[in-house]
Amino acid sequence: MSSSTRIVALLLFCAAKTLRAADYPAPAEADYTIRNFKFTSGESLPELRIHYRTLGKPEKDAQGKTRNAILIMHGTTGSGAQFIRPEFAGELFGKDQPLDATKFFIVLPDGIGHGKSSKPSDGLHAKFPRYGYIDMVEAQYRLLTDGLGVNHAWLVMGTSMGGMHTWLWGEAHPDFMDALMPLASLPTQISGRNRAWRRVIIDAIRNDPAWTDGEYKTQPPCLRTAAEMLWFMSSNPMLRQKEAPALAKTDEVLDKFVTDYMKTDDANDVLYAVEASHDYDPGPNLDKIRAPLLALNSADDLINPPELGILEREIKRVPREVIRSRRCGKISWRSC
């Protein structure tokens, strides 16, 4: 099956209604340590830990090329664990489902600064190297190639921040994958509302006297503001209204989210994760992407609304692409 055929098959999957969730193999978890990792900021860490989950087993052809690897990348402040749930893994990873874990080798990494990978709250606090999306993609590449022996991917995909990483993957390693699927993302520098909500969080943390330059002993109040902003931006208005249809109910839902968030998250980790988008700008190199690409966005996305027209404009510079919006289901296909 050609790469183009594969990505069309994935498109058909996205357009179809899944009938039922299925069981899937339990993921295996492990850490890979990258020695003397150098960041684009010029800083370095003697040991950078990348935590990851895998499902399935890698397979190589007669030439030694990995044929069944799939990389899936998470969003800001998330982790690979977010994909191990019925509405994602249960619809994709089961036997005979689109990303059947008995056939594919699925890799779910925790990005730098996220999940169980190296992050500021491990001890360096605000002395942790300033990382960006380019660093995160490089660490993922090192995990696959050096850590897992994967020299080729059948598919590279991600959602939100992971979607942005997918664009960068296609530019930095254009021959590494058969197909790309960036979800809920735009191939352009962070700007407008997308930059504004991040600035709200960044300013709230850095201007909080209790942050004390990252050396706080208890979580500063600014983490509550960050959590509220993340709740506000992480879903669409219709779902939020359904979840919180009255004033008192909204306060109840928001308070519960914030309370739970503050039990497990850290202000420095959130600050770094939100600031990491500073170096994201795939626009100038979109013509370097060689793999067939399916870009899938939602019309109800507060961060990347289709009215901006950015995806429709920028995608024309990608040699081989499919673009789809769930607003109308319209599909266009271009091939070089």
Side-chain angles (χ1 to χ4, degrees), residues 24-39 45-60 66-85 88-90 92-94 99-122 128-129 131-166 168-170 172-173 176-183 264-266 269 272-273 276:
Y24 50 89
E29 293 191 50
D31 293 325
Y32 176 64
T33 299
I34 304 174
R35 310 290 178 185
N36 299 314
F37 186 86
K38 298 187 184 303
F39 295 80
L45 279 179
E47 294 186 348
L48 175 68
R49 181 183 68 257
I50 298 297
H51 188 76
Y52 63 95
R53 295 159 183 83
T54 60
L55 296 90
K57 297 179 180 179
E59 296 178 358
K60 295 190 177 183
T66 311
R67 304 308 312 180
N68 67 334
I70 297 174
L71 174 67
I72 305 179
M73 298 165 290
H74 61 79
T76 303
T77 73
S79 73
Q82 72 186 55
F83 299 116
I84 306 299
R85 58 190 186 191
F88 193 92
L92 292 178
F93 297 166
L99 304 182
D100 185 341
T102 66
K103 299 177 182 178
F104 293 104
F105 180 54
I106 302 166
V107 183
L108 309 172
D110 292 351
I112 297 173
H114 292 69
K116 298 178 183 179
S117 292
S118 294
K119 53 186 180 291
S121 61
D122 290 342
F128 192 86
Y131 66 87
Y133 285 3
I134 294 173
D135 298 313
M136 298 176 83
V137 168
E138 175 62 19
Q140 293 157 6
Y141 179 76
R142 300 272 292 276
L143 166 65
L144 288 183
T145 56
D146 299 337
L148 297 173
V150 171
N151 55 25
H152 190 79
W154 184 81
L155 174 67
V156 172
M157 66 177 289
T159 178
S160 192
M161 178 182 72
M164 290 186 273
H165 288 178
T166 302
L168 296 178
W169 258 95
H173 308 286
F176 189 84
M177 71 290 296
D178 289 335
L180 296 157
M181 183 185 281
L183 308 175
T264 59
D265 285 85
D266 175 84
D269 291 348
Y272 271 72

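Only this structure's heavy atoms are used, side chains among them; waters, hydrogens and symmetry mates stay out.
- Partners of Ile34 by side-chain contact (heavy atoms from CB on, under 4.5 Å), not counting sequence neighbours, listed by chain and number: Tyr32, Phe37, Leu48, Ile50, Ala139, Arg142.
- Aromatic ring orientation, His173 versus Trp169: tilted (interplanar angle from 30° to 60°).
- Partners of Thr66 according to the side chain to side chain donor-acceptor pair (under 3.5 Å) rule, which considers only residues two or more places apart in sequence or in another chain, are Asn151.
- Judged by distance alone, with hydrogens and angles left aside, the side-chain atoms of Tyr141 form no donor-acceptor pair with the main-chain N or O of Ala172 at under 3.5 Å.
- Scanning for side-chain contact (heavy atoms from CB on, under 4.5 Å) contacts around Ser121 gives Lys119, Asp266, Asp269, with sequence neighbours left out.
- Annotation for Ser79 and Asp110: closest pair CB-OD1, 3.4 Å, computed over non-hydrogen atoms.
- Taking Tyr52 as the reference, nothing meets the ring-ring contact (aromatic ring centres under 6.0 Å, His included) condition, with sequence neighbours excluded.
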Practice task
Might you work through the side-chain contact (heavy atoms from CB on, under 4.5 Å) test for Met136 and Tyr131, ending with a clear yes or no?
Solution key: CA-CA 7 Å; Met136 298 176 83; Tyr131 66 87; 3.8 Å; yes
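- Atom-to-atom distance recorded for Tyr24:OH and Ile84:CD1 is 5.5 Å, nearest 0.5 angstrom.
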Practice task
Determine, stepwise, if the pair Met157 / Leu183 fulfils side-chain contact (heavy atoms from CB on, under 4.5 Å).
Solution key: CA-CA 7 Å; Met157 66 177 289; Leu183 308 175; 3.8 Å; yes
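- In this structure, the side chain to side chain donor-acceptor pair (under 3.5 Å) partners of Thr102, at least two apart in sequence or on a different chain, are Asp100.
- Results of the side-chain contact (heavy atoms from CB on, under 4.5 Å) test with Pro109 over Thr54, Leu71, Leu148 single out Leu71 as the only residue that passes.
- Among residue pairs with one or both ends in residues 68-83, none qualify as salt bridge (Lys or Arg N to Asp or Glu O under 4.0 Å); sequence neighbours excluded.
- Note that the CG atom of Asn68 and the CG atom of Leu155 stand 12.0 Å from one another [nearest 0.5 Å].
- Going from atom NZ of Lys60 over to atom NE2 of His152 covers 12.5 Å, rounded to the nearest 0.5 Å.
- Residues meeting the side-chain contact (heavy atoms from CB on, under 4.5 Å) test with Ala153, sequence neighbours left out: Val156, Phe176, Met177.
- Residues Phe83 and Leu92 are not in side-chain contact: their nearest non-hydrogen atoms beyond the backbone lie 4.5 Å or more apart.
- In this structure the side chain of Arg67 reaches within 4.5 angstrom of the side chain of Asp178, judged on heavy atoms.
- Remark: Leu108 CG to Leu55 CG distance equals 6.0 Å, nearest 0.5 Å.
- The minimum heavy-atom distance between Ile134 and Leu168, with the atom names listed, is N-CD1, 4.5 Å.
- Heavy-atom minimum distance, His74 versus Gly80: CD2-N, 3.6 Å.
- Scanning both residues, Gly163 and Pro182, for their nearest heavy atoms gives O-CB, 3.5 Å.
- By the side-chain contact (heavy atoms from CB on, under 4.5 Å) test, Glu29 is found to be paired with His51, Arg53, Lys116, residues two or more places apart in sequence or in another chain being considered.
- Minimum heavy-atom separation, Thr166 to Met73: OG1-CE, 3.3 Å.
- With sequence neighbours excluded, no residue forms a side chain to side chain donor-acceptor pair (under 3.5 Å) with Asp265.
- A donor-acceptor pair under 3.5 Å is absent between the side-chain atoms of Ser117 and the main chain of Ile112, judged by distance alone.
- By the 30° and 60° cut-offs, the orientation of the rings of Tyr133 relative to His165 is perpendicular.
- Under the salt bridge (Lys or Arg N to Asp or Glu O under 4.0 Å) criterion, no residue pair touches residues 152-166, with sequence neighbours excluded.
- The salt bridge (Lys or Arg N to Asp or Glu O under 4.0 Å) analysis of residues 70-83, with sequence neighbours excluded, yields no pairs.
- Ring geometry for Phe104 against Trp154 counts as tilted: the plane angle lies between 30° and 60°, on a 0 to 90° scale.
- Of all the heavy atoms in Pro120 and Gly113, the pair that sits closest is CD-CA, 4.5 Å.
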